[in-house]
Novice: 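Please read through the structure below; I'll follow up with questions.
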Amino acid sequence: MSGSAHSEHAESKVRYGMAIDLDKCTGCGACSVACQQENNVSFRPDESHKLRTLSWMTLYRLENGGDYPDYRAAVLPRPCMHCDSAHHSPCTFVCPVNATIRDEHTGIVDHVAVRCIGCRYCMVACPYHARSFNWWDPTWPKSMEAMLNPEVSPRMRGVVEKCTFCHHRLNLARDRARLNGEDPDTVLYTPACVEACPTGAITFGNLKDPNSDVAKLAKDARAFRILEKLHTEPKVYYLSSAQWIRRQSDNGL
């Protein structure tokens with residue numbers, strides 16, 4: 001990466017990140033459904049073929065392996081980790097057409113579907129399995145077509161899809177800031193999954209602001225990141241007081 005890119009990273013005012021409290025998560029799936037509706041993620045009449053389904057927020061079931069009454073289970077929601085390492089962001093390095101890019105000002109790893117050629121190198125490179133390949137043209141029941149989000153373009157078949165931290169909501173927040181004479185580079189916004197969570201298990205904000213809730217949670221004693229040993233610097237933090245959840249989260253994917 002060029003020196004100018006490094007300086008932009010160092011001088012940027014925001015680093016959008018997420019904290020997910022697994023001790024609060026009930027596994028209701030509201031985050032996944034909200035993500036699907038907000039980002040026009042299509043679905044098939046038969047979703048039983050899990051190798052060919054689309055999901056930007058996948059829920060993984062974790063189990064401690066104990067017998068009753070010591071059996072415990074938990075659910076781990078997994079969006080894109082939006083890796084922030086300058087040298088170990090796997091998907092951004094392997095894309096041959098620059099369809100996967102990381103915004104140096106915000107840290108958001110985005111995917112430009114119209115550039116994607118469907119080679120799926122990014123899917124192979126991502127250690128978090130955070131991308132889905134679109135095998136079919138998007139379709140919805142006719143009654144739902146009028147409910148699609150006009151802010152997000154549906155993707156065609158043959159391209160990869162992924163969580164974008166609801167980047168379109170960031171753009172709308174920036175537009176409002178400009179109209180109000182505020183700094184568009186420091187705006188805060190709320191992704192759909194955070195808004196939908198009924199237990200408040202998901203927190204989103206600026207990791208560079210030490211007074212923000214997400215920055216405080218990232219430094220909590222219960223906080224950890226998945227596969228941190230790979231040095232990808234994911235900006236999604238998880239929290240749990242149970243050691244078995246931390247072990248399962250790191251190796252169970």
Side-chain angles (χ1 to χ4, degrees), residues 16 18 20 25-60 75 77-82 91 95 97-101 103 106 108-120 122-123 126 128-179 187-199 201-202 204 236:
Y16 293 113
M18 184 177 287
I20 304 177
C25 178
T26 63
C28 68
C31 58
S32 185
V33 173
C35 172
Q36 186 167 7
Q37 187 277 332
E38 177 73 16
N39 293 285
N40 298 333
V41 179
S42 64
F43 55 91
R44 306 292 296 173
D46 181 3
E47 287 283 315
S48 61
H49 193 335
K50 291 304 177 184
L51 293 178
R52 294 198 173 189
T53 55
L54 291 176
S55 177
W56 291 15
M57 174 71 87
T58 303
L59 305 182
Y60 290 91
V75 173
R78 193 245 40 228
C80 172
M81 297 291 112
H82 292 271
C91 60
C95 181
V97 293
N98 204 31
T100 295
I101 54 176
D103 187 338
T106 65
I108 293 178
V109 178
D110 212 342
H111 185 265
V112 185
V114 293
R115 293 181 187 169
C116 181
I117 59 174
C119 66
R120 289 177 279 176
C122 59
M123 294 180 67
C126 177
Y128 303 102
H129 307 296
R131 293 164 177 265
S132 299
F133 185 73
N134 202 337
W135 291 91
W136 299 280
D137 288 322
T139 58
W140 292 269
K142 289 185 178 180
S143 59
M144 295 184 64
E145 289 180 352
M147 301 170 62
L148 296 180
N149 186 353
E151 300 295 335
V152 182
S153 299
R155 282 70 57 190
M156 70 293 290
R157 65 177 174 179
V159 302
V160 175
E161 300 191 8
K162 65 175 288 292
C163 157
T164 64
F165 274 171
C166 288
H167 196 268
H168 61 284
R169 289 194 173 196
L170 171 58
N171 291 334
L172 290 173
R174 283 172 167 169
D175 290 341
R176 286 193 294 268
R178 292 186 183 98
L179 290 173
V187 296
L188 298 178
Y189 72 103
T190 305
C193 59
V194 181
E195 192 173 61
C197 182
T199 62
I202 310 177
F204 184 83
V236 176

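Predicted model, so just to flag it, every value in this text is computed and none were measured.
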Novice: Does CZ belonging to Arg120 count more than 12 external heavy atoms closer than 6.0 Å?
Specialist: yes
Novice: Is there a side-chain contact between Phe133 and Cys122, using heavy atoms and a 4.5 Å cut-off?
Specialist: no
Novice: Heavy atoms only: give me the nearest Met156-Ala113 pair and the separation to one decimal.
Specialist: SD-O, 4.3 Å
Novice: Could you walk me through whether Tyr128 and Thr58 pass the side chain to side chain contact (heavy atoms under 4.5 Å, CB included) test, one step at a time?
Specialist: CA-CA 11 Å; Tyr128 303 102; Thr58 303; over 6 Å; no
Novice: Val97 and Arg115: which non-hydrogen atoms are nearest, and at how many Å?
Specialist: CG2-O, 3.3 Å
Novice: Any chance you could measure Ile108, atom CD1, to Thr164, atom OG1, to the nearest 0.5 Å?
Specialist: 7.5 Å
Novice: If every non-hydrogen atom of Asn39 is compared with every non-hydrogen atom of Cys166, which pair is closest and at what distance?
Specialist: ND2-SG, 4.0 Å
Novice: First locate atom CZ of Arg176, then atom CG of Asn171, and finally report the distance between them rounded to the nearest 0.5 Å.
Specialist: 10.5 Å
Novice: Do side-chain atoms of Arg155 reach the backbone of Ser153 as a donor and acceptor pair under 3.5 angstrom?
Specialist: yes
Novice: Using a 4.5 Å cut-off on heavy atoms from C-beta on, say whether the side chain of Leu59 contacts that of Cys31.
Specialist: yes
Novice: Do the side chain of Arg169 and the main chain of Thr190 share a donor and acceptor less than 3.5 angstrom apart?
Specialist: yes
Novice: Would you say Met18 and Val194 make side-chain contact, with heavy atoms under 4.5 Å?
Specialist: yes
Novice: Got a second to check how far Leu170's CG is from Asp175's CG, nearest 0.5 Å?
Specialist: 9.5 Å
Novice: Can you confirm whether Val109 sits close enough to Lys162 that some side-chain heavy atom of one is under 4.5 Å from a side-chain heavy atom of the other?
Specialist: yes
Novice: In the structure I gave you, are the side-chain heavy atoms of Met57 and Val33 within less than 4.5 Å of one another anywhere?
Specialist: no
Novice: Nearest 0.5 angstrom please: Glu145 CD to Asn40 CG, how far?
Specialist: 11.0 Å
Novice: Testing the basics here: between Cys95 and Ala99, what is the closest heavy-atom pair and its distance to 0.1 Å?
Specialist: SG-N, 3.1 Å
Novice: Can you name the closest pair of heavy atoms from Val187 and Ala177 and give their distance?
Specialist: CG1-CB, 3.4 Å
Novice: Are Ser42 and Trp140 side-chain neighbours, meaning at least one heavy-atom pair lies under 4.5 Å?
Specialist: yes
Novice: Taking only residues two or more places apart in sequence, or in another chain, which ones meet Asp137 in a side-chain hydrogen bond (donor to acceptor under 3.5 Å, both in side chains)?
Specialist: none
Novice: NE2 of His111 to NE2 of His167: how many Å apart, nearest 0.5 Å?
Specialist: 14.0 Å
Novice: Once you round to the nearest 0.5 Å, how far does OG1 of Thr106 lie from CZ of Arg174?
Specialist: 6.0 Å
Novice: Give the intermediate values and the outcome of side chain to side chain contact (heavy atoms under 4.5 Å, CB included) for residues Glu38 and Val152.
Specialist: CA-CA 8 Å; Glu38 177 73 16; Val152 182; 5.5 Å; no
Novice: Are Asp103 and Asp110 side-chain neighbours, meaning at least one heavy-atom pair lies under 4.5 Å?
Specialist: no
Novice: Would you please test Arg78 and Tyr60 for side chain to side chain donor-acceptor pair (under 3.5 Å) and show each step?
Specialist: CA-CA 7 Å; Arg78 193 245 40 228; Tyr60 290 91; 3.0 Å; yes
Novice: Taking C-beta and beyond as the side chain, do Met81 and Pro79 meet within less than 4.5 Å on heavy atoms?
Specialist: yes
Novice: In this structure, which one of Ser132, Cys80, Cys193 forms a side-chain contact (heavy atoms from CB on, under 4.5 Å) with Cys163?
Specialist: Cys80
Novice: Applying ring pair (Phe, Tyr, Trp, His ring centres under 6.0 Å), can you list everything that pairs with Tyr189, at least two apart in sequence or on another chain?
Specialist: Tyr16, Phe204
Novice: Sequence neighbours excluded, which residues qualify as ring pair (Phe, Tyr, Trp, His ring centres under 6.0 Å) partners of Trp136?
Specialist: none
